[in-house]
Structures are given as C-alpha cells and as structure tokens.
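Working notes, structure below.
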Amino acid sequence: MRESMNGDTITQAVQGLLPEIVALRHELHEHPEIRFEETWTSDRISRYLTEAGIEHTRGHAKGTGIVATVRGPGARTVALRADMDALEIEEETGVPYRSRIPNRMHACGHDGHSANLCGVAKLLQQHRDRLRGTVKFIFQPAEENAAGGRFIVQEGLLDDVDAVFALHCWPTLAVGTVGFNPGAAMASADTFTIRITGKGSHGADPGAGVDPIMVASYIVTALQTLVSREMNPWEPSVVTIARIEAGFASNVIPETATMDGTFRALSAKVRARLFEGIERIAVRTAEAHRATATVHFHEATYPPLHNDPAMTGFARAIARDAFGEASLVDMRTPTMGAEDFAYYLEKRPGCFLFLGNNPSATEPYPALHNPRFDFNDGALPYGMELMARIAIDYLEGH
Ligand code: NI
C-alpha cells in the first residue's frame, strides 16, 4: 500500500520523536490558556516549528492560530488540525507538570492534540521527499465556548484543501484503540438567553403585578415538550435550561427574570426547528400570562459534526493496517457534545477521529472537562502514526 514509505519507517520515526513530543506536551500542559488568549502556546508551537525548519504563518483566527505547511510534488492538499485552548478549571491532577495558572487547565486534552500535531509536522518535514502533495497543519484557538474553528474556514484556509482530518482524545476508549463514527457523530450546540419582563409588586398582592418567576417556570416546562412532543424520537435533540435568575427578597414579586440554556441536535433540520420552537414557546407563553419574553441566540454556535463516510472508511483502513483489527472501535451512537471541527467538515470532506486515552482495560478514566483529566502520553505514538499515515496515504491517492 505504501510504496514510498513503509509502516516500519513511520513507527521508528515516531519513536524517535516521542521523548521531545511528550516533553512538549507537558510544557503546554503547564501553560493553559483559554479562548483567543493562547499567546504563550502559539509562541511555543511557532518556536518548535521554526526549529524543525517548517514554514508557517501566524495571526490566524483572531490572532493565535498557526498554519504550517510541508510541501511535496503533487496537486493534492490534505489538512490536519489540532486545537490549542484550555478551560477555566482549577486542576486537581497532582502531576508534576500541572497547570501553573490558577483556574486554567488543559482538561480536554488539547495540549496533547497540539503536541501530537507538532510531532506529525516534524516527522513529515523530515520525510517530505516522500510526500506526493502538500500537508497543511492547522493549530486552532478557541475550540471551547467560542467556536474558533469558524474563523479558520472564514479566512479561506481550507479553500485549497481537498480533505481534512482531526482527532480528539477519548477517555472511554482504551489506549491503542481508535473510534470511528461515520455520518452524524456529534451534535450542534447553540446557547440562548430568555429575558422575561412582568410587573413588580408586593409579594402579598400578586394581582397588582405580573409575576415573571411564574412565567419563567411555565416556559421551562413548556420547552421540554419540544423534544418530547414535537420531534421524531429517532432524531435526537436536547433542550436544557441551565441558569435562572430572578428576584431579591422573599416578599417582593420582581419585575424581570432571565434564563440561559443550550440546545443540541444531530441534523440541521432538527436544529432549525429548535430555533423556531424555543422562540415561539418563550414569546407566546409569556404573552398568555400578560408578560413579554425576548429570546437572544448567542453568536458562537456549533453545527452538527458530520464525518464523510468514505473518508471515515479511509482512516479506518489506515488504523487497521497500522495497529491491527483489535484497535478499531465502531462508535455506535453519536455524542450530544459539540466540536467546532464541524465547520471544517461543512467545507471539505474529512473525518474526526476518537483516540483512545484510557490506560486501563477495567477502570474508568476521568471524563473530559473533569479537574482530574490529563491527556495520556501513551496515546501519542498512536496519534502521531495515525495522522502521519493519513497524510501520506491520502496524498498518494488512496
Ligand atoms: Ni476538546
């Protein structure tokens, strides 16, 4: 299959790079930065690329994004993407390289994704004479809460790309395995705020006012009928109100109430119906009770993530070839979590891969976004080899 660079060569190259990539991963872990503030991270990755002799451009996606390029002869271009950002979480792992910054933590493994992609870039740079086309390495800021990936697409960075791949560490899968999910693999995520305006009055005289807390309660309950009464049960969706704020005293009916929530869907069709339904139910339920409601949908949205079936099959064949049949996990259900790599996959065919992160076959591993989660270094050789082989084989026309 790989005439130009056999599997053993890649495996050896990965092993040679592994110590410095593990060290780089720990450095990134010590310096977690959140959405669009990844300046230390961006500088460190740029320095690594420079030392490896890899050309790259900076300043993407509002400033901290990096796009590196390794060119071989040939018309095809494949892109590999890693996210760079951390979360507002106080770390509780106790590892020697734990976060040096209060209330900041790489609790979603993006330190691992970025270090992994640095390793892949250096490996392919060292073997660029074997590439039959161009590889773009995209280091993307603000995956969490800000959908930074949309700016990569808006800047046109995928316009010359034929296919795009990314991976995410997955704590429910064992180290050495890779999860595949063709089609709808992750949900859309949208957030909204509902503001209800009633009329304040004495708590003993509700007839003189319009109680926004009562209206908010009706809206919360009615919103739950969207999923249970308006949708096809075979098309999953979620509506969650996660915050309510109203009132200030036990004997005063307040003037206003505010609620925040999120909704998830696996298709654009269901997502559109939820946009319509949330607005309709909030506005008209308020109206029925003499109050008014306004719904504001927030800007940082995540579309559903759709893995191209052919590209998923291609990546699966590479994993089977590299790591054996036992390494393949067919994820039978999508996750209702979201991922801004969905924007890339709206633009170009590709696949989002789930990289096994649990070192134990029997014990559970801390979940993503848990203060005890730490990307497992044992997954790096698999991640690096998988990404490198995907790039090489894709450019060879497989
Ligand atoms: Ni993540």
Side-chain angles (χ1 to χ4, degrees), residues 25 28-29 31-38 41-42 45 61 64-66 80-93 99 103-118 120 137-153 164-173 175 178-181 185-191 262 264 300-307 331 334-345 350-358 365-377 379-380 382-383 386-387:
R25 208 280 290 178
L28 296 175
H29 192 89
H31 297 89
E33 296 165 308
I34 61 166
R35 53 187 169 280
F36 302 122
E37 296 176 3
E38 305 91 342
T41 307
S42 183
I45 292 170
T64 54
I66 299 176
L80 308 174
R81 170 274 209 172
D83 39 15
M84 307 156 76
D85 57 317
L87 288 151
E88 289 155 294
I89 293 176
E90 189 70 32
E91 180 159 352
E92 294 175 19
T93 62
S99 169
N103 198 36
R104 295 286 186 276
M105 179 192 175
H106 270 296
C108 202
H110 301 184
D111 51 337
H113 306 162
S114 284
N116 186 73
L117 195 60
C118 283
V120 176
F137 305 88
I138 299 172
F139 296 88
Q140 179 217 298
E143 195 288 314
E144 305 280 357
N145 301 316
R150 72 200 140 122
F151 299 111
I152 297 285
V153 176
V164 62
F165 296 86
L167 55 74
H168 203 296
C169 56
W170 216 246
T172 57
L173 300 180
V175 167
V178 187
F180 298 91
N181 202 347
M186 296 184 77
S188 63
D190 292 275
T191 54
T262 182
R264 313 286 167 122
T301 67
Y302 294 70
L305 183 144
H306 190 272
N307 280 323
M331 320 266 282
T335 158
M336 298 312 278
E339 161 65 53
D340 69 6
F341 191 62
Y343 283 99
Y344 297 67
L345 294 175
C351 183
F352 190 65
L353 304 152
F354 301 90
L355 184 69
N357 226 236
N358 187 349
Y365 200 65
L368 299 174
H369 296 205
N370 181 293
R372 284 174 299 282
F373 178 81
D374 181 28
F375 181 94
N376 191 322
D377 292 326
L380 281 170
Y382 297 96
L386 185 62
M387 289 291 231

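First listed ligand is number 1; within each ligand, the first listed atom is number 1.
- Applying the ring pair (Phe, Tyr, Trp, His ring centres under 6.0 Å) test to F137 and every residue at least two apart in sequence or in another chain returns nothing.
- In this structure N358 satisfies the side-chain contact (heavy atoms from CB on, under 4.5 Å) test together with S360, Y365, sequence neighbours excluded.
- A donor-acceptor pair shorter than 3.5 Å cannot be found between the side chains of N145 and E88.
- Side-chain contact check for H106 and E91: no donor-acceptor pair (N or O, by modelled atom type) lies under 3.5 Å.
- Qualifying side-chain contact (heavy atoms from CB on, under 4.5 Å) partners for E33, counting only residues two or more places apart in sequence or in other chains: E38, T39, W40, T41.
- Salt bridge present: D111 and R25 bring a charged side-chain N and a carboxylate O closer than 4.0 Å.
- Any protein N/O/S atom under 2.8 Å from the Ni ion (ligand 1) was counted, giving 3 altogether.
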